[in-house]
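Note sheet for the following structure.
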Amino acid sequence: MQLLDWLVLSCYFIMLISIGLWAYSRVKSSADFYTAGGKLPWWLSGISHHVSGYSGAVFVAYAGIAYTHGFTLYVWWAFTVSIATLLAAFYIAPKWARLRKYANIQSPTEYLLVRYNVQTQQLIAWVGSIIKVFDTGGKLAAIAVLLNVFSGTSISFGIVLVGIVSLVYITIGGLWADVWNDFAQFIVQLLAGITMFVIILMNLDDGASSIFTMWDKLPEGNADFFNDPYTIAFAFTMLLINFFSYSGGTWNLATRFISSSSATVAKKAGILSAILYLIWPLILLFPMFAAPLFFDNLEDPTLSYGLMALKFLPAGLLGLVLASMFANTLSMTSSDSNTISSVICRDILPKLFPKFRNLSKSRELRLARITTFCFTLITIIVGLNASKFGGVFGLIVTWFAALLGPMSVPMILGLLPMFQKSGSKAAIGSIIGGLAVFALLKVVEQKSLALELGAPILASLILFIVIGLFNKEAVPQKVKDLHSNLIKGSKNG
């Protein structure tokens, strides 16, 4: 990296801090800090939902898959996320927005107390928060790998740098800082992504025609929709996981719907995010698909995108691309920190320590900032030890995706009236069953990636439905009232 690259990256960091300081003036309470006061417009919520759904891991772990397996990455990742988010936009997103109005929630797990009971709420809140520590730590490690490739700085330094920047601006500005950073980083990502796309096209033999002719020159299987172990079964597994994740099982994505001003706005936000996932990754991922034409037999395929940027980008543009990667990661890690903080402050601490109940607005806001700070600090520590958990791919894909399902099944299906017979026993049973299957697959050696990721969520899904079908107890009135209001909210916007 040249001086100009460092200047571009520094300008990006200054922009982040400036957004945080601006947002500070808009945050007067924990509701402002966690849900932006329920005032997010559909276009800002939709863009934020989109960019909060992936991080710098795309340029590391996913770049490695694009290098070794090709176009299948778009099929099982971006395409399935687009379909899943579109379904969520119609059936789930409006209910999150209505929940904020009806139940005055600020965290995604807050409604579980009414839908199930305190034991279910606490189990999901605790386990989900712990899982998210590993996921967020993996994302910090991902961007540190890229910084190492670009500048030669140590991975540990990169993790600490990204973590501290995220820690500062999200602690200051809360969700308002987060969503406006998302918007800014989306603009940066568009500029960097289109620039990289055009430059790679210019360096391919057939120029613009390479969009269509490049595929025949790639290694065998890289042009296929499915390339083992990323089979059609794996793609359907990811579609199932992504539905539960992008509809709100990944809590920071639920926050985008919760913070929308109405059910109609939340629906529009989900549709916008789905469209962006369908189109934008085709441009973003293209240089990654083309990488084998420029670098043969890379020992570490996860470095392919970084090496492409170093090879083709002039001074200044390299800093822009790195800034977009930082932006991706900070968007997701900061929103994670904000959302997990809301779960801890609203759902965990008041149950453990009664003194945290009924706090004044100023003390509630102070607690929110302290909790956000502490969570981000822990994720930095996990990122520094990412290698002990299977590296970046292991943390983000294998651990998080496999564990997400058991936690999100009762959360998402609990919003739908057709599953109202599935009460707390079904919820807890499905979580324990899913986690047990995950643990079993970690002990028993098996070769199917689809089975490793899909079995836990399938076990949870089956248990949640079956236990509900055999439930002879009457549905509590509070649950009927909850669903009645959610349906009404979805219809009325």
Side-chain angles (χ1 to χ4, degrees), residues 31-54 81-112 114-115 124 128 132 174-176 178-180 182-183 242-277 331-332 334-336 338-343 346-347 404 407-416 482-483 485-493:
D32 292 334
F33 191 83
Y34 289 133
T35 64
K39 298 176 182 178
L40 290 188
W42 68 270
W43 58 271
L44 185 57
S45 180
I47 289 175
S48 181
H49 183 279
H50 172 76
V51 298
S52 294
Y54 56 98
V81 170
S82 178
I83 299 302
T85 304
L86 190 63
L87 291 172
F90 284 91
Y91 297 106
I92 305 298
K95 293 177 173 58
W96 282 120
R98 181 58 182 170
L99 265 176
R100 179 184 52 78
K101 290 186 173 182
Y102 165 68
N104 192 34
I105 67 168
Q106 293 179 25
S107 85
T109 58
E110 206 165 344
Y111 97 99
L112 298 174
V114 175
R115 176 57 179 85
I124 293 177
K132 204 61 185 174
L175 188 67
W176 275 118
D178 194 19
V179 294
W180 278 110
D182 289 346
F183 180 75
N242 287 334
F243 171 73
F244 282 97
S245 173
Y246 286 78
S247 58
T250 298
W251 296 345
N252 65 301
L253 300 181
T255 301
R256 272 59 190 164
F257 298 138
I258 293 170
S259 305
S260 298
S261 56
S262 70
T264 301
V265 168
K267 179 180 177 181
K268 288 181 179 180
I271 293 172
L272 174 59
S273 181
I275 293 172
L276 290 173
Y277 269 111
S331 168
M332 203 170 195
S334 60
S335 62
D336 285 341
N338 181 268
T339 304
I340 298 300
S341 172
S342 73
V343 171
R346 301 283 294 187
D347 305 324
L404 171 72
M407 306 309 302
S408 60
V409 165
M411 172 174 281
I412 301 304
L413 297 189
L415 294 168
L416 303 176
L482 174 69
H483 285 137
N485 277 277
L486 294 185
I487 293 172
K488 178 182 176 182
S490 296
K491 289 180 178 179
N492 296 341

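Residues forming a side chain to side chain contact (heavy atoms under 4.5 Å, CB included) with W42 (at least two apart in sequence, or on another chain): V265, K268, L272. When the ring-ring contact (aromatic ring centres under 6.0 Å, His included) test is applied to F243, no partner is found at least two apart in sequence or on another chain. A search for ring-ring contact (aromatic ring centres under 6.0 Å, His included) contacts involving F90 returns nothing, not counting sequence neighbours. S45 is linked by a side chain to side chain donor-acceptor pair (under 3.5 Å) to S260, counting only residues two or more places apart in sequence or in another chain. Under the side chain to side chain contact (heavy atoms under 4.5 Å, CB included) criterion, A274 pairs with S82, T85, L86, not counting sequence neighbours. Checked against side chain to side chain contact (heavy atoms under 4.5 Å, CB included), I275 has the following partners two or more places apart in sequence or in another chain: I271, I279.
The distance from atom CH2 of W180 to atom CG of L44, rounded to the nearest 0.5 Å, is 5.0 Å. Distance CG/N242 to CG/L253: 10.5 Å, rounded to 0.5 Å. To the nearest 0.5 Å, atoms OG1 (T109) and CZ (R115) are separated by 15.0 Å. For the atom pair CH2 of W251 and CZ of R256, the computed distance is 15.0 Å after rounding to the nearest 0.5 Å. L486 contributes atom CG, which lies 9.0 Å from atom CG of L416 (distance to the nearest 0.5 angstrom). Rounding to the nearest 0.5 Å gives a distance of 8.5 Å between NZ of K95 and NE2 of H483.
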### Task
With side chain to side chain contact (heavy atoms under 4.5 Å, CB included) as the test, would you mind laying out the steps for F244 and L413 before giving the verdict?
CA-CA 9 Å; F244 282 97; L413 297 189; 3.9 Å; yes

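Here the closest non-hydrogen pair linking S273 and H49 is OG-ND1, 2.8 Å. Closest approach of A88 to S247, counting heavy atoms only: CB-CB, 3.4 Å. Across all non-hydrogen atoms, the minimal contact from A93 to A266 is O-CB, 3.6 Å. The nearest pair of heavy atoms linking L112 to M411 is CD1-CE, 4.0 Å. Closest of all the heavy-atom pairs between P410 and Y111 is O-OH, 4.0 Å. Across I124 and M407, no two heavy atoms sit closer than the pair CA-CE, 3.4 Å.
Two residues are said to be in side-chain contact when any heavy atoms from C-beta on lie closer than 4.5 Å; Y246 and L87 fail this criterion. When side chains are defined from C-beta on, L40 does not count as touching F257, because their heavy atoms never get closer than 4.5 Å. The closest side-chain heavy-atom distance from V51 to F183 is not below 4.5 Å. When side chains are defined from C-beta on, T264 does not count as touching P94, because their heavy atoms never get closer than 4.5 Å.
The closest donor-acceptor contact from the side chain of R98 to the backbone of N485 lies under 3.5 Å.
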